[in-house]
Amino acid sequence: ATWGATPTGSIPGELMVSGSGSLLLFDDDEGTRLWLTPTGGGWDEVTLPATMNALDVRGVVYGRSRFVAMFNNKFAGGANTAYGNNDEIWTSVDGRHWIQARVPSTEVRLDSLTIGPAGFRLVGRDQAHRSVMWQSGSGTIWKVVS
């Protein structure tokens with residue numbers, strides 16, 4: 001395959017996922033970049049929303065006709081409040097256009113993202129460092145699971 005732009009960096013953290021006839025390659029090196037190919041023959045870099053681009057991708061899955069990606073907010077709790085105080089979830093149906101999902105709780109730290117028969121599942125910690133699990137059928141609206 002030929003790259004439209006070659007991912008480079010000193011701290012590589014690539015994640016690949018396929019779905020909806022496309023293959024996505026995330027590159028995490030002090031922020032996230034994304035390449036997409038519908039055919040496997042050529043790759044195009046996707047322009048990501050600025051806040052998504054600034055965060056570090058930590059997990060990505062495809063299911064229920066949607067890509068769901070988990071991002072670490074290395075700025076949380078620091079002086080740079082432009083990115084909020086939570087890790088984040090972003091979703092896309094085509095790999096090119098992304099929207100941020102709402103995960104209830106404050107100062108959320110996310111550890112894992114999976115897809116199963118009941119939908120998407122997140123595991124992480126809240127501001128009191130308690131383990132929390134969230135579930136979503138769509139990847140866009142999340143609720144705490146007891």
Side-chain angles (χ1 to χ4, degrees), residues 1-116 119-127 129 131-144:
T2 57
W3 294 87
T6 304
T8 60
S10 59
I11 310 169
E14 290 84 14
L15 294 172
M16 190 174 282
V17 65
S18 64
S20 75
S22 297
L23 184 65
L24 303 182
L25 175 67
F26 287 89
D27 179 49
D28 171 22
D29 181 9
E30 299 300 321
T32 296
R33 295 171 70 185
L34 173 62
W35 286 264
L36 175 137
T37 180
T39 64
W43 294 82
D44 296 317
E45 186 166 5
V46 174
T47 302
L48 299 174
T51 54
M52 182 181 172
N53 177 257
L55 305 179
D56 297 323
V57 65
R58 290 294 181 240
V60 59
V61 297
Y62 180 82
R64 300 188 173 204
S65 302
R66 175 176 305 274
F67 295 100
V68 177
M70 177 178 74
F71 291 82
N72 172 252
N73 184 349
K74 61 189 172 212
F75 304 108
N80 187 345
T81 59
Y83 304 98
N85 286 311
N86 296 313
D87 286 356
E88 296 180 2
I89 296 294
W90 288 76
T91 67
S92 175
V93 294
D94 62 4
R96 290 194 180 276
H97 305 93
W98 293 83
I99 59 168
Q100 187 176 357
R102 276 279 200 215
V103 179
S105 288
T106 56
E107 297 183 29
V108 173
R109 305 309 290 167
L110 301 174
D111 298 318
S112 69
L113 168 66
T114 58
I115 178 80
F120 302 96
R121 182 165 287 175
L122 287 171
V123 175
R125 292 162 276 134
D126 64 14
Q127 67 185 24
H129 304 288
S131 292
V132 181
M133 186 177 343
W134 296 268
Q135 189 165 320
S136 175
S138 65
T140 58
I141 300 170
W142 294 83
K143 65 179 179 178
V144 173

* Heavy-atom check, side chain of Met52 versus side chain of Gln100, under 4.5 Å -> no
* To do: For Val93 and Ser65, work out which heavy atoms get closest and say how close.
  => CG1-O, 3.8 Å
* Taking the side chain as every heavy atom from C-beta outward, state whether Arg96 and Leu34 have any atom pair closer than 4.5 Å. => no
* Which atoms form the tightest heavy-atom contact between Tyr62 and Ile115, and what is the distance? -> O-CG2, 4.2 Å
* To do: Measure across Val61 and Val17 and return the closest heavy-atom pair with its distance rounded to 0.1 Å.
  => C-CG2, 4.0 Å
* Structure fact -> Nearest heavy-atom contact between Ser136 and Ile141 is OG-O, 2.7 Å
* Asked: Would you say Trp134 and Ile89 make side-chain contact, with heavy atoms under 4.5 Å?
  -> no
* So do the side chains of Val68 and Leu113 get within less than 4.5 Å of each other, counting heavy atoms only? -> yes
* **Shortest non-hydrogen contact between Gly139 and Ala101, atoms and distance** => O-CB, 3.4 Å
* Structure fact -> Between the CG atom in Asp44 and the OG atom in Ser22, the distance rounded to the nearest 0.5 Å is 10.5 Å
* If only atom types and distance count, is the side chain of Arg64 paired as donor or acceptor with the main-chain N or O of Gly137 below 3.5 Å? -> yes
* Structure fact -> For Ala54 and Lys74, the nearest pair of non-hydrogen atoms, with its separation, is O-NZ, 3.6 Å
* Any chance you could measure Leu25, atom CG, to Trp43, atom CH2, to the nearest 0.5 Å? => 5.0 Å
* Asked: With sequence neighbours left out, what residues match Phe120 under ring-ring contact (aromatic ring centres under 6.0 Å, His included)?
  -> none
* Asked: Is the backbone of Thr140 close enough, under 3.5 Å, to the side chain of Thr91 for a donor and an acceptor to pair up by distance?
  -> no
* **Point-to-point distance, once rounded to the nearest 0.5 Å, from CG of Asp111 to CE of Met133** => 12.0 Å
* Residue pair Asp87 / Met70, side-chain heavy-atom distance below 4.5 Å -> no
* Residue pair Arg58 / Asp28, side-chain heavy-atom distance below 4.5 Å -> yes
* **Ile99 CD1: over 12 foreign heavy atoms closer than 6.0 Å** => yes
* Fit a plane to each ring of Phe67 and Trp98, take the angle between them on a 0 to 90° scale, and name the class: parallel (under 30°), tilted (30 to 60°) or perpendicular (over 60°). => tilted
* Under 3.5 Å donor-acceptor, Asn86 side chain and Glu107 backbone -> yes
* Interatomic distance, Asp56 atom CG to Thr32 atom OG1 [nearest 0.5 angstrom] -> 5.5 Å
* To do: Tell me, with the steps shown, if Trp90 and Thr51 meet side-chain contact (heavy atoms from CB on, under 4.5 Å).
  => CA-CA 10 Å; Trp90 288 76; Thr51 54; 3.4 Å; yes
* **Check: Glu14 main-chain N/O paired with Asp27 side-chain donor or acceptor under 3.5 Å** => no
* **Arg125 side, atom CZ; Leu110 side, atom CG - distance, nearest 0.5 Å** => 9.0 Å
* State whether the side chain of Thr37 and the backbone N or O of Gly42 hold a donor-acceptor pair below 3.5 Å, judged by distance alone. => yes
